[in-house]
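Written below as structure tokens is the structure these notes are about.
Here is the naming used below: chain letters follow the sequence lines, and residue numbers restart at 1 for every chain. Not measured: the values here are computed from a predicted model.
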Amino acid sequence: MATAATTSRQKVGWGTANLVVVALAMIPVLWMVSLSFKTPAAILDPSYFPSQWTWGNYSSILSTSQFIRPLVNSIGIGLISTFIAVLLACMAAYAVARLRFPGKSLLIGMALLIAMFPAISLVTPMFNIERSLGLFNTWPGLIIPYVAFGLPLGIYTLSAFFREIPWELEKAAKVDGATPFQAFVKVIAPLAAPGMVTTAILVFLACWNEFLFAISFTSTLASRTAPASMAYFSGGSVFTVPTGPIAAAAVVITIPIIVFVLFFQRRIIAGLTSGAVKG
Amino acid sequence: MADIVLDQITKRYPDGALAVDKISMDIADGEFVILVGPSGCGKSTTLNMIAGLEDISEGELRIGGKVVNNKSPKDRDVAMVFQSYALYPHMTVRQNMGFALKLAKTPQAVIDEKVTEAARILDLTQHLDRKPANLSGGQRQRVAMGRAIVRDPAVFLMDEPLSNLDAKLRVQMRTEVSRIQRRLGTTMVYVTHDQTEAMTLGDRVAVMRSGRLLQVGTPQELYESPLNLFVAGFIGSPSMNFLPATAEDGKLRTPLGDIPLSDALRQALERSDASRDLIVGIRPENFEDASLVSADARREGITFRATIDVRESMGSDVYVYFATELGNSLAAAELQELAQDSGRADTGATGDTLVARLDAASRLQEGEDAELWLDARLVHVFEPGSGKNLALGASPAASPVS
């Protein structure tokens, strides 16, 4: 009985701790959702739930190209950057995990260095470079830096996944008559798929949430992304803060992330390598 | 179908380590050859070089008469079974077995036919649509074999394919491998560290140590006339007993008593100009309970007294362990490596314990001061420095390695 009491006490303890953590994480999000449904007049109302629900904020942002176009930009730039970054990271990570070549540790070190670099220090030089190359305010102008900053993350995540795959599988494929490329595409890549999906999600999230470059390297709707576009929202008059529309926009750009993670969750967790070798 | 010729094959790693040192061997078409040796002796490296998974530093490798040094594995027409099986986890058994044929762009109908046939031989028919994760160890092992069989290759390469199975299954699969090889008649090179597997499976066995080939021969040759101390100690279970000895007045003076030298052996000793300190090797079955030996036979050997330490009854025979005073211990490097390989060095057992395999009729008990007989005709005499078997001058069956 003593143990049963301990277990139930433990359960209560853990449950409380979990509740506190979830509440801490969720209260601001719910507050944002709540704000997005409030009328402009009730924005300053401190009550947690809107007294009067309205879709006004959503219809106002979704009815103008001020938000729709940046949303399209965000999706396009995010997907293209993710695709390129994962493709390059795959090849680089495979080399890092499997090959011995001179300068390998230097490459890993450089990748880590890039990941650690404060982005703000790069904004000014990159602004000038992009201006002189004609990349300023274009999609490639954001895709290139996003790929550059996504790569270190991708290389690190993927090389960990590649290391997990038994090398003998690749040898077996070679003896079975596969070229190195076929061995990679038909045997290694399918097994590293969970890693690729994980990496893709992480890179996409980073691109989707990125604000500093997005606001620095864009000037018009041609390439401005959703997070950057929110800074340009205007209220009902010059003296009104557009809190409601910003909250609504924030909710809108959060939804794809939630869908993304829910959709791929199983693939991330699924251990595809089980059964490859004894054990 | 093809023969394999290894001509002075050498593997040197970029850091200068020599993994395989000038191995030469001819493997005939359809022959079943075992590479055996302790871990780190270069046997797997040799196999990988035959497969094309590792570059050959020096020497020439010919499969079916063609030099294949610079050919990639897919152009060598070899199939390999790995120790970990290396099954593709995302493919079903059927896809695993058909993968090589699919890469070779074989028509689907032919693939299906060959996979079905191989599955029938290996008793895998009902598992064809399962993934490797859902198979038992023995089934995975058979799938790995099947993957090699469907290709109908010129050469089968096996890298310790049975070492992940439990003991009972291993014995079953050993028979299976032997049966399949005989049925297909394909040249097979098989790597193992287990001398029992080597002895039971191979047409010929090649014993390797530290990257060098020590002896190639039929299991019987290796057992009866080992070229040197290492082969003598490695082949055979329980392994050969080694005793220090000195040659004096036409006799071998050993801790067990004086063993008379045969004329052939005496001449061999004189010829080889060996030092008077020698090592004598005696197989466990060359001892016998003296009470079971007829008076005639007794004259062919010597009798001595020893206290029985442990008695193990195997049913068909009895193993008895007994200690002797060896005096100066044996310091040959080969013996130390053998002890390490068998784990004897870790258990703290001294080299002073000898083992004898006696007739099941023997009634010797533990702790008993027993009289044992030793067949003097079958002792091996080794030179401690080089480890060479000096008795081989007497037995013409030896097959020297160049």
Enclosure of [X] [atom1] (heavy-atom neighbours >12, cutoff 6.0 Å):
{"X": "A/F83", "atom1": "CZ", "result": "no"}
{"X": "A/F181", "atom1": "CZ", "result": "no"}
{"X": "A/F117", "atom1": "CZ", "result": "no"}
{"X": "B/K66", "atom1": "NZ", "result": "no"}

Report task. Locate the shortest heavy-atom distance separating A/G177 from B/L103; write the atom from each residue and the value. Result ->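 Nearest pair, atom of A/G177 first, then B/L103: C-CD1, 3.8 Å.
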Query raised in the report: What is the minimum heavy-atom distance between A/V175 and B/V78, and which atoms define it?
Result: CG1-O, 3.4 Å
Requested in this report: Pick one of side chain, backbone, both or neither for B/N48, based on which atoms fall under 4.5 Å of a heavy atom in chain A.
Outcome: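 Contact with chain A: side chain only.
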Query raised in the report: Which region of B/A79, side chain (C-beta onward) or backbone (N, CA, C, O), has a non-hydrogen atom less than 4.5 Å from a non-hydrogen atom of chain A, or is it both or neither?
Result: backbone
Query raised in the report: Is there a donor-acceptor pair under 3.5 Å between the side chain of B/Y88 and the backbone N or O of A/K186?
Result: no
Report summary line: Counting heavy-atom pairs under 4.5 angstrom with chain A, the leader among B/K131, B/Q83, B/M80 is B/M80
Query raised in the report: Less than 4.5 Å apart, any side-chain heavy atom of B/S72 and any of A/T179?
Result: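 Contact flag for B/S72/A/T179 side chains = no.
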**Report entry** Nearest-0.5 Å distance that lies between atom CG in A/D176 and atom CE in B/M97
**Finding:**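 It comes to 11.5 Å.
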